[in-house]
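Below is one structure, written out as structure tokens; comments come after it.
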Amino acid sequence: MIDEFFPDVEAIRYEGPDSDNPLAFRWYDADRVVLGKTMAEHLRFGVCYWHSFAWDGSDIFGAGTLDRPWNPSSRTGDATLDPMDAAQLKMAAAFEFFEKLGAPFFSFHDVDIAPAGATFAESARNLDEMVDLAAEHMERTGTKLLWGTTNAFSHPRFMAGAATNPDPAMFQYAAAQVAHCMAKTHQLNGANYVLWGGREGYETLLNTDMRRELDQLGRFMNLVVEHKYAIGFDGTLLIEPKPMEPTKHQYDYDVATVFAFLQKYGLAEEIKVNIEVNHATLSGHDFHHEVATAVNAGIFGSVDANAGDDRLGWDLDLFPRSVEQMTLGMLEILRGGGFTTGGLMFDTKLRRQSIARDDLFHGHIGAMDTMARSLLAASTLLEDLDAQRDDRYARWNARRDILDGEVSLQRLHDAQLTAPEPEPVSGRQELLDRLVARHIERAR
């Protein structure tokens with residue numbers, strides 16, 4: 001066994017904006033109070049298990065590049081390791097990282113922390129053993145579980161979907177996985193359980209009965225809700241929207257699509273959304289648009305904080321680095337009252353050429369600083385912007401009769417026959433853009 005996986009890295013501390021130490025926070029001061037809560041309480045940072053510890057740096061064009069001695073498939077891993085021994089090694093590395101980084105939360109798929117067995121029963125036993133070990137690590141380090149989830153998309157059995165599969169045997173297998181993983185999430189006191197329909201969609205309508213598949217998905221989600229109550233899990237259920245990839249068209253395309261689905265199948269009071277930044281931009285929306293849509297619909301839950309590339313049309317899961325983009329997102333999160341059970345999960349991965357172990361720290365430190373500075377800018381921007389927005393709609397204060405249903409369309413028509421021509425008022429968009437920039441510059 002390896003005693004320490006990151007021997008050259010000590011616990012990451014806050015040193016302030018003027019620090020030149022690359023292994024220190026410049027903006028994230030966990031105990032700093034902003035709008036009545038600490039930064040740690042506002043941001044609720046989490047590290048994902050899959051990209052950070054299960055991925056070896058491989059892609060469709062090449063083998064793994066990363067230095068990951070805990071991963072048998074990596075260039076520095078031991079391919080002869082027993083799968084369960086390797087899982088224990090990986091977990092030791094993960095919790096060392098969580099503790100040194102100071103991230104309060106983590107998240108996982110079932111197959112991230114426990115190897116799949118030859119049967120579902122064996123896979124379940126493996127997960128049971130690794131969850132017991134995770135509980136010990138969590139007790140020792142104080143790290144908490146933001147959410148658990150099931151990987152029902154990677155195995156060939158799910159090539160045509162899980163809940164939407166044309167074969168009910170695949171539906172049953174996926175249901176069994178979710179039931180078991182949710183129980184393990186509950187065992188670890190997870191705050192949420194995420195449902196990402198990795199292959200819940202279609203490649204062509206020539207062989208797809210869309211109505212049937214959506215009905216299957218609606219029944220599946222209702223079963224999940226029933227199981228949540230049956231086992232006493234009091235965390236939040238979250239669907240993660242994505243427009244495409246791996247399928248051509250995903251059924252959970254964006255927040256508005258998910259909300260319509262939840263309403264149709266009687267789930268709007270039971271399930272919220274986990275919004276991933278890169279998924280939002282792939283769907284043609286800004287991140288802050290998706291947050292505002294979810295808040296307005298009453299289904300905002302959590303965020304996967306990452307980034308894409310405007311010139312690449314696939315999911316890159318880069319570390320967030322645009323303070324402007326994230327300030328606008330944090331502004332809508334603050335307007336919505338902030339996180340309750342959710343948080344900012346870094347569903348992020350290194351570039352394949354960032355092969356050193358400590359690169360993982362640099363990526364997360366930079367991302368945490370980006371989000372912390374965005375919080376500071378959004379917190380001061382909030383009052384200025386809301387005052388200007390209220391002023392823009394002030395004339396409605398004298399016309400509550402319209403929204404209260406006291407006038408008819410005909411009455412409005414008749415009134416306009418003698419009313420003066422209304423005068424438009426500037427939206428002040430360029431001024432507001434400058435206001436955003438000024439608050440970012442002044443964020444301290």
Side-chain angles (χ1 to χ4, degrees), residues 48-56 58-60 73 107-117 119-120 123-124 126-127 147-182 184-185 192-204 207-208 210 212-214 216-221 223-224 227 237-254 257-258 261 271 273-276 278-280 282-283 302 304 306 308 313-317 345 347-349:
C48 81
Y49 216 95
W50 51 99
H51 289 322
S52 297
F53 303 100
W55 184 52
D56 62 4
S58 60
D59 63 15
I60 60 172
S73 66
S107 63
F108 68 85
H109 297 86
D110 46 6
V111 299
D112 297 332
I113 65 171
T119 64
F120 172 72
S123 295
N126 290 346
L127 185 59
W147 47 261
T149 188
T150 301
N151 182 328
F153 48 86
S154 293
H155 194 281
R157 74 173 71 88
F158 297 125
M159 67 179 185
T164 59
N165 200 290
D167 185 346
M170 307 304 179
F171 183 107
Q172 176 174 302
Y173 198 107
Q177 265 191 268
V178 170
H180 199 78
C181 190
M182 189 189 297
K184 297 294 104 178
T185 299
N192 308 270
Y193 189 83
V194 168
L195 299 137
W196 177 56
R199 296 190 188 274
E200 312 304 341
Y202 65 82
E203 304 295 341
T204 174
N207 65 357
T208 300
M210 187 190 297
R212 175 190 289 272
E213 292 196 359
L214 284 168
Q216 288 176 207
L217 186 58
R219 181 61 190 135
F220 191 95
M221 293 300 174
L223 287 170
V224 171
H227 187 69
L237 298 179
L238 303 169
I239 287 179
E240 183 173 318
K242 189 178 184 182
M244 68 204 97
E245 191 195 23
T247 69
K248 179 179 179 180
H249 180 90
Q250 302 276 128
Y251 291 137
D252 51 6
Y253 191 94
D254 59 8
T257 303
V258 170
F261 169 84
I271 300 178
V273 287
N274 180 52
I275 300 169
E276 179 171 320
N278 200 179
H279 293 181
L282 286 174
S283 68
S302 196
D304 278 6
N306 60 14
W314 62 88
D315 197 9
L316 293 176
D317 293 330
M345 177 57 58
D347 183 358
T348 48
K349 60 184 178 184

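Keep in mind the model is a prediction, meaning the values are calculated, not measured.
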Measuring from atom [atom1] of [X] to atom [atom2] of [Y], what distance do you get when rounded to the nearest 0.5 angstrom?
X	Y	atom1	atom2	value
Asp56	Ser73	CG	OG	3.5 Å
Asn165	Tyr173	CG	OH	13.5 Å
Trp147	Cys48	CH2	SG	7.5 Å

Below 4.5 Å, heavy atoms only, C-beta onward: do [X] and [Y] meet side chain to side chain?
X	Y	result
Asp315	Glu276	yes
Asn274	Asn192	no
Tyr49	His109	no
Val178	Phe220	yes
Gln177	Phe158	yes

Decide side-chain contact (heavy atoms from CB on, under 4.5 Å) for Met210 and Tyr251; before the verdict, give the C-alpha distance in whole Å, the side-chain angles of both, and the deciding distance to 0.1 Å. CA-CA 9 Å; Met210 187 190 297; Tyr251 291 137; 3.8 Å; yes

Going by the side-chain contact (heavy atoms from CB on, under 4.5 Å) test, name the single residue among Thr149, Leu237, Thr150 that passes it with Met182.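 With Met182 as partner, side-chain contact (heavy atoms from CB on, under 4.5 Å) holds for just one option, Leu237.
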
Nearest heavy atoms of [X] and [Y], plus distance in Å:
X	Y	answer
Cys181	Phe108	SG-CE1, 4.2 Å
Phe261	Leu214	CE1-O, 4.0 Å
Met221	Leu195	SD-CD1, 3.9 Å
Ala152	Ala162	O-CB, 3.7 Å

Could you check whether [Y] and [X], counting side-chain N and O atoms only, form a donor-acceptor pair closer than 3.5 Å?
X	Y	result
Asn278	Asp317	no
Asp252	Trp196	no
Thr257	Asp254	yes
Tyr202	Glu213	no
Thr164	Gln216	no
Asp110	His180	no

Main-chain N/O of [Y] paired to [X] side chain as donor or acceptor, under 3.5 Å:
X	Y	value
Gln250	Pro241	no
Asn126	Pro115	yes
Thr247	His249	yes
Arg199	Phe153	yes

Of Asn306, Asp112, Asp347, Thr348, which meets side-chain hydrogen bond (donor to acceptor under 3.5 Å, both in side chains) against His51? Asp347

Please name all residues satisfying salt bridge (Lys or Arg N to Asp or Glu O under 4.0 Å) with Glu245, sequence neighbours left out, ordered by chain then number.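 By the salt bridge (Lys or Arg N to Asp or Glu O under 4.0 Å) rule, Glu245 matches Lys242.
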
Going by salt bridge (Lys or Arg N to Asp or Glu O under 4.0 Å), name the residues that satisfy it together with Arg157, two or more places apart in sequence or in a different chain.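 None.
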
